[in-house]
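Sequence lines set the chain letters: A, B, ... in the order given, protein chains first and strands last, and positions in each chain run from 1.
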Protein chains: 2
Amino acid sequence: MLKEERLQKIIEQIAQDNKVVLDDLSRLLNVSTDTVRRDIKELSDKGLLKAVRGGAIIGSPVHPHFKERQHIDTQHKKVIAQKALEFIKPGQVIILNGGTTTTAVIAALPRDINLTVITNSFPVVSILEDYPHVTVFFIGGELNKHAFSTTGHETIEAIRNFRADVCLLGICSIDLKLGLTGFTYQESLVDRAMIETSKYVIALSTYDKIGASDPYYVCAANAIDVIVTEKDPSTTDLSGFKEAGILIK
Amino acid sequence: MLKEERLQKIIEQIAQDNKVVLDDLSRLLNVSTDTVRRDIKELSDKGLLKAVRGGAIIGSPVHPHFKERQHIDTQHKKVIAQKALEFIKPGQVIILNGGTTTTAVIAALPRDINLTVITNSFPVVSILEDYPHVTVFFIGGELNKHAFSTTGHETIEAIRNFRADVCLLGICSIDLKLGLTGFTYQESLVDRAMIETSKYVIALSTYDKIGASDPYYVCAANAIDVIVTEKDPSTTDLSGFKEAGILIK
DNA sequence: AAATATATTGCATAATATTGCAATATGAAA
DNA sequence: TTTCATATTGCAATATTATGCAATATATTT
């Protein structure tokens, strides 16, 4: 039986009984309990269930789609997330937009950190849900069913009522002349509002998005304080940005 | 039985009866009283109940976690949900609060219905996420990690910007004289704001909550248009409500 | 105070988890 | 194809956790 089949069956079992037991699965799937344990761990990392001693139980009532964390585990995003952590200090107020990169940063936070997080992203909420010392403010608005976040007039207005220490912006295109640009109009408006209300702005961007551009303008390049990429800054040539006073990490 | 299952059952018992007894649990869960005692201690450490000699009682007015409540009374909730559907017409604007009962109503909606739904409940959003013709407005605010909903000043303010055709209120206590009352202060404020902004108010309540009361006042009984319970209205004696012009379903 | 019920503690046993490792399978690159 | 890297799986050794039992202590009732 393929591994994916096993994972599928485990999910089905959970949906049916709200729980699974290691030994049962081991017999049912014809693999060792070690393997089942590893399978459960994998599903647990994706947030699809909660691993407990002896098996697993159903996770939070939040739709699995809001927990799509499969894509936050890529090597690049892990590196970026790890680097971004250095800019987040206990006690701060952080604002972040939707997207898998910001979600990866949140997932990398130590579980006992003390923070206030302001976000319009449902996956971020689903992670922070059980961080005991993180206060979450969710920014309302119209649900964007593709991005798992809210946008629109209410969202922009709500953002203006906050002041954040740090703004974390998920992957976007950055060009020295064209500035920050985004792929959808609604999200670019949200990003702009978040930047305007924050003291310190960190753009998370894969290296190939630097010098690129997208259709919707967000802000000028110099509104950004730091750019975090997956590459070692000493091996990159981003002198233009450095001269403009932007830190490259 | 998994340990986590036991803990959940204990929580459910507490939510249902406001108390649990060591010996009963020991028999029910097929473990020694020592183990039950340790379980209770664990839950008590998490603040989910208060350990007392011989068992445990409900702790501070802290909500049991949504996760633990969603499997309680499911039969009643399904009946209530089905009855409530009759009041929801395509094209309407519906506003609903958090809670497992309203979530059950939403889960019972036909998938192709055309609606605008305004809510502060994450589980509701996660269900509607793949209803193609439902527009969802999410009401932002501070995340309440137990109820999976938002509350607070931002939430109230945001609600006032909407006008709904129908307001669906999850299970709450209703008394003819004392009016609608709720279990937490923050949620009672949200409920009140939702009622004030709606044309037609439907209260979803299990029969045993009628005539009961909770600590926080929401509104007078006559602010409600319909009460939906799990019982057949012809078998109930709620004449007082009927005389006050409230429809019983 | 005596009798009874409940708590606490330490301990033994069994169940489960973790880790490193080796065998095998899988897929990509030469 | 061959070769190399990587992923998957089971196994064994060790660590951790869960559970019941018994001895003792503490509270509650009569």
Side-chain angles (χ1 to χ4, degrees), chain A residues 1-14 17-59 68-79 82 104 107-108 110-112 130 132 208 230, chain B residues 1-14 17-59 65 67-68:
Chain A
M1 180 178 307
L2 297 173
K3 184 180 161 194
E4 293 302 323
E5 286 184 81
R6 290 202 315 266
L7 299 181
Q8 195 58 45
K9 294 219 178 201
I10 295 175
I11 296 282
E12 280 170 21
Q13 281 264 331
I14 286 270
D17 305 337
N18 292 341
K19 68 153 186 178
V20 288
V21 179
L22 262 177
D23 287 335
D24 294 353
L25 286 178
S26 168
R27 238 171 298 123
L28 181 71
L29 305 172
N30 280 311
V31 288
S32 70
T33 56
D34 301 74
T35 302
V36 176
R37 203 174 280 118
R38 277 181 281 233
D39 288 349
I40 285 178
K41 170 143 194 349
E42 197 173 325
L43 293 170
S44 159
D45 287 344
K46 286 185 192 165
L48 297 175
L49 45 71
K50 185 174 175 206
V52 299
R53 192 180 177 85
I57 58 175
I58 194 165
E68 290 287 343
R69 298 177 199 161
Q70 14 293 55
H71 304 301
I72 70 175
D73 272 350
T74 63
Q75 213 47 42
H76 285 173
K77 279 177 197 163
K78 271 188 189 164
V79 175
Q82 212 55 46
R111 266 189 53 84
D112 58 346
D130 39 33
D208 60 321
E230 77 278 15
Chain B
M1 181 178 312
L2 299 172
K3 184 184 158 194
E4 302 297 325
E5 285 185 85
R6 288 203 317 264
L7 298 181
Q8 288 203 3
K9 294 216 182 206
I10 295 175
I11 296 281
E12 283 173 22
Q13 282 265 330
I14 286 269
D17 305 338
N18 291 346
K19 66 159 190 179
V20 287
V21 179
L22 264 177
D23 287 334
D24 294 352
L25 286 178
S26 168
R27 239 172 298 122
L28 181 72
L29 305 172
N30 279 311
V31 288
S32 71
T33 55
D34 300 75
T35 302
V36 176
R37 203 173 279 118
R38 276 182 280 234
D39 287 350
I40 286 178
K41 172 153 193 340
E42 196 173 327
L43 293 170
S44 157
D45 288 345
K46 285 188 196 158
L48 296 175
L49 45 71
K50 188 170 174 211
V52 297
R53 192 180 175 83
I57 56 173
I58 196 160
H65 204 272
K67 245 187 267 183
E68 278 116 26

Completion exercise
Taking D/dG10, D/dA18, C/dA17 as options, the one with an atom nearest any side-chain atom of B/Lys3 is D/dA18
Exercise for the section: Nearest whole angstrom, please: distance from the P of C/dT6 to the CG of B/Leu25. Expected result: 13 Å
Practice task
Kindly give the heavy-atom pair with the smallest separation between B/Gln13 and B/Val20, and that separation in Å.
Solution key: CB-CG1, 3.3 Å
Fill in the blank from the handout: From CD of A/Glu42 across to C1' of C/dT18 the rounded distance in Å is 17 Å
Handout entry: Atom pair distance, as rounded to whole Å: NZ in A/Lys41 and P in C/dA17
Key = 13 Å
Handout entry: For atom CZ of A/Arg6 and atom C1' of D/dT9, their distance in whole Å
Key = 8 Å
Handout entry: Ion pair B/Lys3/B/Glu42, N-O distance below 4.0 Å
Key = yes
Practice task
Measure from CZ on A/Arg37 to P on C/dA17 and round the result to the nearest Å.
Solution key: 4 Å
Exercise for the section: Check whether any side-chain nitrogen or oxygen of A/Thr35 sits under 4.0 Å from OP1 or OP2 of D/dG10, and answer yes or no. Expected result: yes
Exercise for the section: Find the distance B/Glu5:CD to D/dA18:P and express it as a whole number of Å. Expected result: 15 Å
Practice task
Give A/Val52 one of three labels, base, sugar-phosphate or nothing, depending on what nucleic acid heavy atoms sit under 4.0 Å from its own.
Solution key: sugar-phosphate
Practice task
Whole angstrom is fine here: how far is it from CG in B/Asp39 over to P in D/dT17?
Solution key: 16 Å
Handout entry: Nearest-0.5 Å distance that lies between atom NZ in A/Lys19 and atom CD in B/Gln8
Key = 11.0 Å
Problem - A/Arg38 CZ - C/dC21 C1' separation (whole Å) - result: 11 Å
Practice task
Could you say whether A/Asp23 or A/Asp34 is positioned toward the 5' end of DNA chain C, judged by the nucleotide with the nearest heavy atom to each?
Solution key: A/Asp23
Problem - Among D/dT28, D/dG10, D/dT19, the nucleotide that comes nearest once only the side chain of B/Arg53 is considered - result: D/dT28
Exercise for the section: Look at A/Arg38 together with A/Asp34 and state whether they make a salt bridge at an N to O cut-off of under 4.0 Å. Expected result: no
